[in-house]
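Written below as structure tokens is the structure these notes are about.
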Amino acid sequence: MSDEDITLTAGDAEVTVQPGNGGRVGGLRIGGVELLRQGERFGCFPMVPWCGRIRDGRFLDGAQVRQMPLNAPPHAIHGTVRDGVWRTARTSTDEAVLTYELVDPWPHPGRVTQIVALTGDALTLSMSVETYESSFPAQIGWHPWFNRNLGGEDVRLDFDPAWQEERGEDHLPTGNRLDPKPGPWDDCFGMPGGVEATLTWPGQLELKVTSREEWVVVYDEQREAVCVEPQTGPPDGLNTLPHLVTPLEPLEASTTWSWRRLGSF
């Protein structure tokens with residue numbers, strides 16, 4: 001199938017999926033109102049096979065040190081798949097299944113599968129990383145850019161993490177855990193019971209971001225958008241908390257955005 005944009009609909013919700021632009025969700029409209037920041041690099045993109053920054057672009061792969069391109073010097077950031085063209089495996093009115101074969105600069109063959117499933121009041125994104133040959137460390141995450149303003153008051157973000165990862169001057173976790181501090185943030189938080197965060201546009205809409213994963217990065221330093229990023233490990237996690245993908249054990253994760261209207265939205 002082609003890599004052209006896909007439109008999913010359910011009730012008055014509409015989602016645009018962009019296989020040709022990194023497998024990202026390019027738009028989420030509820031009642032015609034766009035919730036995601038628009039632009040080629042925005043929407044919501046998958047982060048695979050790592051999330052956030054890798055220190056100096058290097059990670060230990062067994063006994064070998066691997067070097068990734070420094071696309072956020074002096075670090076490598078957000079994986080490789082957001083820059084690639086995904087294949088559309090199948091689509092229906094309210095669901096799309098995309099696949100991506102891991103290629104250079106990632107040193108191992110593997111397949112990423114992403115399922116985008118829409119209902120009238122929720123969007124669920126699921127992803128898996130499989131290997132049929134050598135095992136390798138990997139992470140899964142999503143990087144949504146939610147519009148700060150939908151035409152009324154700015155969004156309010158509520159979440160209750162157990163801890164905040166101390167951020168070093170290089171923007172990477174130092175390994176120390178702190179009591180959560182007030183924003184603005186470009187920080188990683190721990191939520192051992194699973195990620196749950198609520199974005200509220202007063203009088204308009206409430207949207208909950210949930211995931212079984214226990215890590216979330218929140219980035220709200222830009223005026224236009226707020227990012228709430230569930231992921232399977234912290235930034236630099238290929239070095240500090242690697243999850244090994246093996247031929248018998250893929251890495252799997254999912255996140256759901258569920259919403260309800262407020263007032264006359």
Side-chain angles (χ1 to χ4, degrees), residues 5-18 24-39 42-47 91-97 114-127 140-162 180 182-185 189-220 222-231 253-265:
D5 286 4
I6 301 161
T7 300
L8 308 179
T9 57
D12 69 347
E14 183 178 270
V15 165
T16 301
V17 185
Q18 299 178 325
R24 78 189 59 219
V25 174
L28 168 60
R29 292 163 296 283
I30 300 172
V33 177
E34 179 59 68
L35 268 62
L36 295 175
R37 184 179 179 187
Q38 295 298 282
F42 300 110
C44 172
F45 60 82
M47 297 184 289
T91 64
S92 65
T93 303
D94 55 9
E95 184 178 87
V97 180
Q114 180 174 217
I115 302 172
V116 182
L118 180 66
T119 67
D121 61 2
L123 177 67
T124 296
L125 306 173
S126 305
M127 203 148 38
I140 288 173
W142 288 269
H143 195 306
W145 296 81
F146 294 107
N147 282 324
R148 188 179 294 272
N149 192 287
L150 301 180
E153 296 180 44
D154 283 355
V155 71
R156 184 181 74 243
L157 173 62
D158 297 296
F159 68 123
D160 187 21
W185 297 291
F189 299 87
M191 302 186 79
V195 172
E196 181 173 328
T198 303
L199 294 101
T200 304
W201 292 268
Q204 296 180 287
L205 193 76
E206 177 187 274
L207 182 144
K208 288 186 179 293
V209 176
T210 57
S211 174
R212 292 191 301 269
E213 304 307 321
E214 69 173 275
W215 301 93
V216 63
V217 168
V218 176
Y219 175 57
D220 67 346
Q222 291 193 16
R223 181 176 57 84
E224 296 86 353
V226 174
C227 305
V228 180
E229 310 162 34
Q231 48 197 63
S254 66
T255 182
T256 296
W257 309 343
S258 55
W259 53 82
R260 67 183 183 95
R261 295 169 180 272
L262 304 174
S264 57
F265 184 84

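Reckoned from all heavy atoms, side chains included, excluding hydrogens, waters and symmetry mates.
- With respect to the salt-bridge test (charged N to carboxylate O, under 4.0 angstrom), the residues D154 and R156 do not qualify.
- Here the straight-line distance linking atom CG of L205 with atom CH2 of W259 works out to 8.5 Å at 0.5 Å rounding.
- In this model, a donor atom of one side chain and an acceptor atom of the other lie less than 3.5 Å apart for W142 and Q114.
- Below 30°, between 30° and 60°, or above 60°: for H143 and F45 the angle between ring planes is below 30°, a parallel geometry.
- Side-chain polar atoms of K208 and T198 form a donor-acceptor pair below 3.5 angstrom.
- Remark: the Q222 side chain and the R148 side chain contain no N/O donor-acceptor pair separated by less than 3.5 Å.
- Distance check, rounded to the nearest 0.5 Å: CD of E14 to CD of E34 gives 9.0 Å.
- Atom CG in L118 sits 10.5 Å away from atom OG1 in T93 (nearest 0.5 Å).
- In this structure, SG in C44 is found 7.0 Å from CZ in F146, a value given to the nearest 0.5 Å.
- Between V209 and F159 there is no side-chain heavy-atom pair separated by less than 4.5 Å.
- Checked by atom type and distance alone, the side chain of E213 never pairs as donor or acceptor with a backbone atom of G194 at under 3.5 Å.
- Side-chain contact between L36 and F42 is absent, with no heavy atoms from C-beta onward closer than 4.5 Å.
- Side-chain polar atoms of T7 and T16 form no donor-acceptor pair below 3.5 angstrom.
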Might you work through the side-chain contact (heavy atoms from CB on, under 4.5 Å) test for V226 and L199, ending with a clear yes or no?
-> CA-CA 9 Å; V226 174; L199 294 101; 4.3 Å; yes

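- Taking each heavy atom of S254 and S126 in turn, the nearest pair found is CB-OG, 3.6 Å.
- In this model, a donor atom of one side chain and an acceptor atom of the other lie less than 3.5 Å apart for T119 and D121.
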